[in-house]
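This is the structure I have questions about; it appears just below.
Everything numeric in this text was worked out from a predicted model, so none of it was measured.
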Amino acid sequence: MLVQLALYSDRFYMAAVGVYVFAMVLHGWEFARARTAAPEPAASLAGRDGSAPVEVGASAVDAAAVGTADVRAAGVGATAVGAAGLRGAAPAADGPLPPTEGATRSPAERMGRMGVSLVVLGAGLQFVSIVLRGVATQRWPLGNMYEFISAITFAAVVTWLVVLKRGNGLRPLGAFVLFPVVVVQFLGGTVLYTQAAPVMPALQSYWLVVHVTTVSIASGLFFVPGIASILFLLRSSDRLPAALAAKVPSAEALDRLAYRVTIVAFPLYTFAVIAGAIWAEAAWGRFWGWDPKETVAFVAWVIYAAYLHSRATAGWRSGGAAWVNVLGLAAVVFNLFFINLVVAGLHSYAGVN
């Protein structure tokens with residue numbers, strides 16, 4: 001019976017990967033076909049003082065800079081000023097302008113919504129896979145690389161769904177988020193796959209639930225701001241082709257997304273490091289021994305602490321802080337793969353066979 005449950009767990013895992021791939025294709029379709037707001041006439045672009053327009057999303061105009069006199073000059077009634085000029089276009093600040101209420105959805109819009117539905121379905125399948133894995137092994141399902149990857153990618157996908165729920169205009173970026181998730185899951189289900197089995201005695205502790213769960217969730221959360229910072233650097237440096245840049249959310253929106261998710265993930269990661277030190281004292285008689293995985297985890301913690309500090313520091317808030325955030329994601333990925341698979345240490349629990 002337990003063997004059968006483990007088999008079903010693997011099938012749900014692969015089904016989730018397939019659904020994510022399909023969702024990624026639909027999001028890619030939406031991104032390729034996404035339309036942005038057409039530029040306004042010059043008379044309505046400048047502010048009352050003649051200042052240049054501020055970019056909103058991809059190519060929309062910052063309506064907040066439009067003064068009453070300019071709107072009247074463009075032939076727009078004074079009532080439109082309160083709706084567009086004085087309040088601004090905040091909902092569109094995170095990307096291409098959403099369709100107006102009651103408007104017919106374009107094929108790209110429908111594909112994007114289908115993509116989100118598939119991501120929800122894939123997350124459900126992956127959750128069932130994790131639960132069945134735990135039941136089949138009769139332990140907490142975080143004992144080897146295959147299970148780590150399943151938990152981390154699940155956390156990344158759930159984070160992305162929460163971001164979509166709270167933000168506007170970010171949905172076309174789903175392809176960029178799902179691509180690394182699919183790649184990592186494919187590696188986990190093939191090269192790093194491990195048969196369901198009990199864990200070694202050193203891992204048979206309630207600290208496995210506390211420490212490894214929180215570090216897995218935090219690592220999954222870090223995926224989303226890392227990708228957002230990469231796109232921020234490309235967007236702000238004008239290295240993207242004009243046609244592609246017009247479909248990517250504004251640099252401000254990407255920077256805001258990276259910061260908000262990181263300030264949620266960092267406390268979790270901090271707790272995971274502290275819990276790991278307590279577990280190390282109980283298992284090995286010392287809180288900290290500069291084991292390779294401990295060392296890289298601490299380095300990653302310092303990098304993210306530096307990111308949060310630099311994000312609030314003048315002169316670093318733009319490109320400098322984003323580079324630090326990308327470096328933090330690189331440290332997390334390095335710790336996940338290289339330290340677990342290549343470097344020998346007390347944390348060599350990859351379980352690859």
Output the distance between atom OH (Y20) and atom CG (L178), rounded to the nearest 0.5 Å. 8.0 Å
Any side-chain heavy atom of W140 within less than 4.5 Å of one from V210?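 Contact flag for W140/V210 side chains = no.
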Counting distance only, does the side-chain N/O of E294 pair as donor-acceptor with the main-chain N or O of D291 below 3.5 Å? yes
Looking only at heavy atoms, what is the nearest atom pair of A265 and L221, with distance? CB-CB, 3.5 Å
Derivation of the side chain to side chain contact (heavy atoms under 4.5 Å, CB included) call for F127 and V157: CA-CA 11 Å; F127 178 75; V157 169; over 6 Å; no
Qualifying residue, where the test is side chain to side chain contact (heavy atoms under 4.5 Å, CB included) with S229 and the options are V324, L327, N325: N325
Quick check: is W290 connected to I303 through a chain of hydrophobic side chains (ILVMFWY, heavy atoms under 4.5 Å apart)?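 Yes, I303 connects to W290 through the hydrophobic network.
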Should L173 and W160 be marked as a side chain to side chain contact (heavy atoms under 4.5 Å, CB included) after you check the CA-CA gap, both sets of side-chain angles, and the distance that decides it? CA-CA 10 Å; L173 297 183; W160 175 241; 3.9 Å; yes
If you measure from CD on Q185 to OG1 on T153, what distance do you get to the nearest 0.5 Å? 4.0 Å
Side chain of S219, backbone of V215: donor and acceptor closer than 3.5 Å?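 Yes: the side chain of S219 pairs with the backbone of V215.
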Between S129 (side chain only) and S9 (backbone N and O only), is there a donor and an acceptor less than 3.5 Å apart?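 Side chain of S129 to backbone of S9, a donor-acceptor pair under 3.5 Å: yes, one is there.
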Looking only at atom types and distance, does a side-chain atom of Y259 sit under 3.5 Å from a main-chain N or O of L308, one as donor and one as acceptor? no
Output, in order, the C-alpha distance, side-chain angles, deciding distance and verdict of ring-ring contact (aromatic ring centres under 6.0 Å, His included) for Y307 and F266. CA-CA 10 Å; Y307 165 73; F266 183 72; 9.6 Å; no
With rounding to the nearest 0.5 Å, note down the distance linking CZ in F337 to CG in L192.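 Separation between the atoms: 6.5 Å.
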Mind telling me whether W301 and F298 have parallel, tilted or perpendicular rings, with 30° and 60° as the class edges? parallel
Looking only at non-hydrogen atoms, find the nearest pair between A23 and V119 and report the distance. CB-CG2, 3.7 Å
Look only at the side chain of N335 and the backbone of A300, and say whether a donor-acceptor pair between them is shorter than 3.5 Å.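 Between the backbone of A300 and the side chain of N335 there is no qualifying donor-acceptor contact (under 3.5 Å).
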Set of ring-ring contact (aromatic ring centres under 6.0 Å, His included) partners for Y304, sequence neighbours left out: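 By the ring-ring contact (aromatic ring centres under 6.0 Å, His included) rule, Y304 matches F222.
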So, R235 side chain and P249 main chain: donor-acceptor pair closer than 3.5 Å or not? yes
In short, Q126 meets F154 closest at the heavy-atom pair NE2-N, 3.4 Å
Using a cut-off of 6.0 Å, state whether more than 12 heavy atoms not belonging to F186 lie near its atom CZ. no
On a heavy-atom basis, which atom in V326 and which in G226 lie closest, and how many Å separate them?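 Heavy-atom minimum between the residues: CG2-O, 4.2 Å.
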Closest non-hydrogen atom pair, T214 against L268: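 Minimum heavy-atom separation between T214 and L268: CB-O, 4.3 Å.
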Taking all non-hydrogen atoms of both residues into account, name the closest pair between L142 and S216 and its distance.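 For L142 and S216, the tightest heavy-atom pair comes out as CD2-OG, 4.0 Å.
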CZ on R260 to CG on D255, rounded to 0.5 Å: 10.0 Å
Say you draw a straight line from CG of L164 to OG1 of T159; how long is it, rounded to the nearest 0.5 Å? 11.0 Å
Among the clusters formed by ILVMFWY side chains lying less than 4.5 Å apart, do L121 and W29 turn up in the same one? yes
Could you tell me if the ring centre of Y13 sits under 6.0 Å from that of Y146?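 Yes, ring centres under 6.0 Å apart.
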With the 4.5 Å side-chain cut-off for hydrophobic clustering, are I149 and V333 part of the same group? yes
Say whether, by atom type as modelled, one donor and one acceptor occur between the side chain of R133 and the main chain of E147 under 3.5 angstrom.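 Here the side-chain-to-backbone pair does not exist.
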Pair V332, L336 - check side chain to side chain contact (heavy atoms under 4.5 Å, CB included), show working. CA-CA 6 Å; V332 169; L336 174 64; 5.5 Å; no
Roughly how far, to the nearest 0.5 Å, is CZ of R171 from CZ of R113?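 Nearest 0.5 Å value for the CZ-CZ distance: 5.5 Å.
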Does a side-chain heavy-atom distance below 4.5 Å link V261 with L257?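 Counting from C-beta outward, V261 and L257 do come under 4.5 Å.
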Just do the side chain to side chain contact (heavy atoms under 4.5 Å, CB included) check on F223 and V177 with the steps written out, would you? CA-CA 8 Å; F223 263 73; V177 176; over 6 Å; no
With side chains defined as the heavy atoms from C-beta onward, is the minimum distance between F12 and V131 less than 4.5 Å?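 No, their side chains stay 4.5 Å or more apart.
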ILVMFWY network linking V25 to V19, side-chain heavy atoms under 4.5 angstrom: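 No, separate clusters.
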Cluster question for you: counting only ILVMFWY and a side-chain heavy-atom cut-off of under 4.5 Å, with indirect links fine, are F334 and V273 together? yes
Would you check if the side chain of H211 reaches a backbone N or O of A272 as a donor-acceptor pair within less than 3.5 Å? yes
